[in-house]
Amino acid sequence: MIEKDGVATLEMVKSKFPKKEVLFRPKAIIECYQEIPCNPCETSCPFDAITIGSDINKIPQVDFDKCTGCGICAKVCPGLAIMIVMIKNGKAYFKIPYELLPLPLIGEKWQAVNRNGEILDKPCFIEGVQKNKDMTTIVTVSIEQPYLYEFVTIRSKYE
Ligand code: SF4
Ligand code: SF4
């Protein structure tokens with residue numbers, strides 16, 4: 001339960017995703033589950049795709065018709081709560097915020113981690129690393145599509 005352990009249930013995770021057909025284009029998945037006074041995701045989106053509204057405590061809502069997957073919101077979210085997700089050729093692609101060093105390198109195979117901090121039984125592959133001045137680095141990762149609702153981040157490189 002998220003109030004006790006901070007871990008979202010599968011149902012909560014799925015509630016943040018659009019239908020799979022929509023994910024043939026990249027979309028922002030915002031896993032911001034609790035009301036907090038925060039809104040840089042809303043104010044930074046150049047396409048007005050995120051709505052929080054006049055009450056800054058409200059939970060952000062994404063308009064997937066407006067979201068282009070540009071990734072700006074993921075770079076500015078102080079809670080690292082946003083990833084950009086796309087499905088292509090049986091793989092799920094995630095652009096995740098990543099603040100640890102050393103950064104992964106393109107082509108490397110890494111441990112994939114779920115929301116409980118457990119290592120998944122399939123690896124993921126580093127597809128891109130985008131360093132951003134004064135904003136969070138974004139790492140692009142691919143993994144088999146069945147892990148769409150499980151993958152959340154990377155742990156360490158396979159030697
Ligand atoms: S990915 Fe880009 S278009 Fe989509 S919600 Fe984030 S900032 Fe807006
Ligand atoms: S910027 Fe991040 S933490 Fe703040 S409201 Fe938006 S998604 Fe939530």
Side-chain angles (χ1 to χ4, degrees), residues 1-89 91-101 103-104 106 110 112-117 124-143 145 147-155:
M1 186 183 281
I2 199 161
E3 290 82 6
K4 289 188 176 172
D5 58 14
V7 180
T9 63
L10 180 60
E11 290 69 30
M12 292 170 73
V13 173
K14 285 185 172 179
S15 76
K16 300 297 184 183
F17 279 69
K19 290 180 182 167
K20 285 185 182 165
E21 308 87 83
V22 175
L23 290 177
F24 289 123
R25 294 178 184 275
K27 300 295 175 186
I29 305 301
I30 302 188
E31 290 201 66
C32 196
Y33 294 103
Q34 295 179 301
E35 294 195 344
I36 52 171
C38 184
N39 72 349
C41 54
E42 179 186 47
T43 57
S44 68
C45 178
F47 302 99
D48 292 327
I50 300 176
T51 302
I52 290 176
S54 56
D55 180 352
I56 195 173
N57 292 294
K58 292 295 182 192
I59 291 171
Q61 305 294 328
V62 184
D63 183 334
F64 293 113
D65 290 333
K66 290 182 178 176
C67 176
T68 66
C70 71
I72 292 173
C73 55
K75 298 176 202 169
V76 304
C77 169
L80 310 184
I82 304 177
M83 55 188 180
I84 311 301
V85 181
M86 186 176 80
I87 294 171
K88 189 177 176 186
N89 297 332
K91 289 184 181 173
Y93 289 80
F94 295 82
K95 290 181 185 287
I96 57 168
Y98 192 75
E99 291 190 325
L100 301 178
L101 293 173
L103 289 171
I106 292 172
W110 277 56
V113 174
N114 67 16
R115 288 168 182 78
N116 288 309
C124 60
F125 294 88
I126 307 301
E127 305 283 351
V129 179
Q130 181 188 52
K131 293 183 197 171
N132 300 298
K133 189 172 184 297
D134 300 329
M135 292 186 284
T136 305
T137 295
I138 299 294
V139 174
T140 304
V141 168
S142 65
I143 191 167
Q145 187 179 328
Y147 295 92
L148 179 67
Y149 302 120
E150 283 191 75
F151 173 84
V152 73
T153 193
I154 54 177
R155 173 71 52 78

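Just follow the structure's listing: the first ligand is 1, and inside any ligand the first atom is 1. Hydrogens, waters and symmetry mates are skipped; everything else that's a heavy atom, side chains included, is used. The chain is numbered in sequence order, starting from 1.
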Item to complete: Could you list which atoms of ligand 1 come closer than 4.0 Å to a heavy atom of F47?
Response: 3 (S)

Worksheet item: Of the listed options (A49, C45, A28), which comes nearest to atom 8 (Fe) of ligand 1 when hydrogens are ignored and any heavy atom counts?
Response: C45

Worksheet, complete the sentence: If we number the atoms of ligand 1 from 1 as shown, the ones under 4.0 Å from a heavy atom of I84 are 1 (S)

Item to complete: Please work out whether the ring planes of Y149 and F17 are parallel, tilted or perpendicular, with thresholds of 30° and 60°.
Response: perpendicular

Discussion item. To check your reading of the model: name the closest protein heavy atom to atom 1 (S) of ligand 1, its residue, and the distance in Å.
Written reply: G71 N, 3.2 Å

Worksheet item: Any side-chain heavy atom of I87 sitting closer than 4.5 Å to one from F24?
Response: yes

Discussion item. Could you tell me, atom by atom, which parts of ligand 1 come under 4.0 Å of a heavy atom of C73?
Written reply: 1 (S), 5 (S), 6 (Fe), 7 (S)

Worksheet item: With atoms numbered from 1 as shown, which atoms in ligand 1 lie under 4.0 angstrom from a non-hydrogen atom of T68?
Response: 3 (S), 4 (Fe)

Worksheet item: Of the listed options (A74, S44, P37, C38), which comes nearest to atom 5 (S) of ligand 2 when hydrogens are ignored and any heavy atom counts?
Response: C38

Worksheet entry | Shortest non-hydrogen contact from L148 toward K20 | CD2-CE, 3.9 Å

Fill in: Atom of G117, atom of R155 and distance for their closest heavy-atom approach
O-NH2, 2.8 Å

Worksheet item: What atoms of ligand 2 come closer than 4.0 angstrom to any heavy atom of P40?
Response: 1 (S)

Worksheet entry | Other residues, nucleotides, ligands: >12 heavy atoms within 6.0 Å of D5 CG | yes

Worksheet entry | V62 near ligand 1 by a heavy-atom separation under 4.0 Å | no

Worksheet item: Given the rule in the side chain to side chain contact (heavy atoms under 4.5 Å, CB included) test, do T51 and D63 qualify, once you have shown the distances and angles that lead to the verdict?
Response: CA-CA 8 Å; T51 302; D63 183 334; over 6 Å; no

Discussion item. I'd like to know whether M83 forms a side chain to side chain contact (heavy atoms under 4.5 Å, CB included) with E31, so could you lay out the CA-CA distance, the side-chain angles of the two residues, the decisive distance to 0.1 Å, and finally the verdict.
Written reply: CA-CA 8 Å; M83 55 188 180; E31 290 201 66; 3.6 Å; yes

Worksheet, complete the sentence: Closest non-hydrogen contact found for C73 with I50 is CB-CD1, 3.8 Å

Response to the item:
Closest to atom 4 (Fe) of ligand 1 among protein heavy atoms sits C67 SG, 2.4 Å

Worksheet item: To the nearest 0.1 Å, how far is atom 2 (Fe) of ligand 2 from its closest protein heavy atom, and which atom is that?
Response: C77 SG, 2.3 Å

Practice prompt. Could you tell me the residue and atom name of the protein heavy atom closest to atom 7 (S) of ligand 2, and the distance to it rounded to 0.1 Å?
Written response: I30 CG2, 3.5 Å

Fill in: S142 and its side chain to side chain donor-acceptor pair (under 3.5 Å) partner, picked from K91, E127, K88
E127

Worksheet entry | 2.8 Å cut-off met by an N, O or S atom of C32 to atom 8 (Fe) of ligand 2 | yes

Worksheet item: Taking only heavy atoms of C41, which atoms of ligand 2 are found under 4.0 Å from at least one of them?
Response: 1 (S), 5 (S), 6 (Fe), 7 (S)

Practice prompt. Considering the heavy atoms of G69, write down every atom of ligand 1 situated less than 4.0 Å from one of them.
Written response: 1 (S), 4 (Fe)

Fill in: Minimum heavy-atom distance between V129 and I106, given as atom pair plus value
N-CG1, 4.3 Å

Response to the item:
If we number the atoms of ligand 2 from 1 as shown, the ones under 4.0 Å from a heavy atom of P78 are 1 (S)

Worksheet entry | Side chain, backbone, both or neither: the part of I50 lying under 4.0 Å from ligand 1 by heavy atom | side chain

Item to complete: Evaluate the criterion side chain to side chain donor-acceptor pair (under 3.5 Å) for residue pair K95 and T140; output intermediate values, then yes/no.
Response: CA-CA 4 Å; K95 290 181 185 287; T140 304; 3.3 Å; yes

